[in-house]
Amino acid sequence: MAISLYYHPYSRAAGTLWALEEAGVAYEFRLTDIMKGEQKGESLVSRNPMGKLPTLVDGDMVVSESAAIALYLADRYAPGRLAPALDDPRRGTYLRWSFFAPSVIEPAVMAKGEGWTVKEVSAGWGTYASMITAAESAIAGRQFVLGDDFSMADVVFGGTLRFMIDFKQIEPSPIFSEYIERLNARPASQRAEARNLEMRQKLGLK
Ligand SMILES: N[C@@H](CCC(=O)N[C@@H](CS)C(=O)NCC(=O)O)C(=O)O
């Protein structure tokens, strides 16, 4: 049975396509119109009580949370290629920057955008400035998060940065811009972008 993805092109599920394309697995869409609130319908809520996209169904397995979905796909379908083995010393770096995206980059950007005033010492994301410094340190002087080898950490970490930069929520510093150029050159990223565009056109969206 093919993997299915609760998907809408204007959601984080658009980024999940890149993870699926990198993993090289067959998948089908469960198109869920977030403009019409379809994500709160029984079909999705029974699988993901948050009623949010993306949610992936792989046989009996349901995975939500974009980063978890990407890491799941790498471990399940591309171990050693997109995910370092459990005893590979690079595994810590791989996990570190994969988790950094949803737990530090996203809330730091949200906090800045919404003007939240929180104590740096108790906010898990520190400050926007410290998040940027740390994120740059992950890729400064290297091709990808793991050095010369691309991995699913780049889909999660790099995909988050790329999205935030596209939406002008993060400044495109030279370190980020050069990294994103390398990510954009990935054939799987280009295939995902083409499928997202095709779906937007089908739905009459920009
Ligand atoms: N932490 C989740 C966030 C998922 C999320 O917020 N998805 C949005 C679209 S990008 C959504 O489904 N919004 C519709 C809603 O909350 O009703 C993840 O990383 O996957």
Side-chain angles (χ1 to χ4, degrees), residues 3-23 25 27-58 61-77 82-83 94-114 116 118 123-126 128 131 135 138 145 151-170 183 189 192-193 195-200 202-206:
I3 289 175
S4 59
L5 178 70
Y6 285 86
Y7 165 92
H8 188 275
Y10 283 0
S11 78
R12 286 169 173 83
T16 303
L17 289 201
W18 181 21
L20 285 159
E21 290 290 340
E22 290 286 356
V25 291
Y27 58 91
E28 57 193 33
F29 292 128
R30 293 200 185 183
L31 188 62
T32 306
D33 194 336
I34 50 174
M35 277 38 145
K36 294 189 182 144
E38 286 176 3
Q39 70 278 20
K40 304 304 182 203
E42 167 65 15
S43 170
L44 180 56
V45 170
S46 64
R47 293 178 168 89
N48 174 6
M50 291 292 283
K52 278 184 176 285
L53 310 178
T55 299
L56 180 124
V57 182
D58 185 8
M61 178 64 65
V62 177
V63 193
S64 66
E65 301 306 314
S66 324
I69 294 171
L71 298 189
Y72 166 80
L73 290 169
D75 283 344
R76 175 84 177 78
Y77 295 106
L82 293 174
Y94 172 79
L95 292 174
R96 176 184 180 185
W97 298 110
S98 297
F99 279 75
F100 191 81
S103 57
V104 181
I105 301 177
E106 284 205 23
V109 166
M110 180 67 82
K112 180 168 179 266
E114 298 292 324
W116 296 345
V118 289
W125 57 89
Y128 178 84
M131 175 278 284
V145 164
S151 72
M152 198 59 98
D154 295 295
V155 175
V156 178
F157 173 82
T160 302
L161 286 174
R162 181 171 70 178
F163 178 86
M164 302 283 184
I165 288 171
D166 282 352
F167 283 87
K168 308 207 180 319
Q169 292 168 313
I170 290 182
L183 301 182
S189 170
E193 197 41 51
R195 286 210 78 176
N196 280 319
L197 179 64
E198 186 191 325
M199 287 304 288
R200 288 204 303 272
K202 220 168 168 174
L203 296 169
L205 302 169
K206 280 204 288 177

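All values below come from the heavy atoms of this structure, side chains included, with hydrogens, waters and symmetry mates left out. Keep in mind the model is a prediction, meaning the values are calculated, not measured. Both counts, for ligands and for their atoms, begin at 1 and track the order of listing.
- M131 is listed as a side-chain neighbour of I170, based on a closest heavy-atom distance under 4.5 Å.
- Within a 6.0 Å sphere centred on CZ of F99, heavy atoms belonging to other residues, nucleotides or ligands number 12 at most.
- Among M50, E38, K52, E65, the residue whose heavy atom sits closest to atom 1 (N) of ligand 1 is E65.
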Test side chain to side chain contact (heavy atoms under 4.5 Å, CB included) applied to I3 and Y77, step by step: CA-CA 12 Å; I3 289 175; Y77 295 106; 3.8 Å; yes

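- Looking at residues two or more places apart in sequence or on another chain, you find a side chain to side chain contact (heavy atoms under 4.5 Å, CB included) between S66 and R12, P54.
- Among all heavy-atom pairs drawn from Y94 and M152, the shortest one is OH-CB, 3.5 Å.
- Between F157 and F100, the ring planes lie tilted relative to each other; the angle falls in the 30° to 60° range.
- Residue S66 has at least one heavy-atom neighbour below 4.0 Å for each of these atoms of ligand 1: 18 (C), 19 (O), 20 (O).
- Of all the atoms in ligand 1, the ones that sit under 4.0 Å from a non-hydrogen atom of S11 are 9 (C), 10 (S).
- Note: no N/O pair closer than 3.5 Å links E106 and ligand 1 by distance alone.
- Closest to atom 5 (C) of ligand 1, if we only count protein heavy atoms, is R12 NH1, 3.3 Å.
- The contact set between ligand 1 and P54, taken as ligand atoms under 4.0 Å from a residue heavy atom, comprises 20 (O).
- By the criterion of a heavy-atom distance under 4.0 Å, neither the backbone nor the side chain of H8 is placed next to ligand 1.
- For K36, the salt bridge (charged side-chain N to carboxylate O under 4.0 Å, His left out) partners are D33, not counting sequence neighbours.
- Considering both main-chain and side-chain atoms, L53 comes within under 3.5 Å of ligand 1 through a nitrogen or oxygen pair.
- What sits closest to atom 14 (C) of ligand 1 on the protein, heavy atoms only, is Q39 NE2, 3.4 Å.
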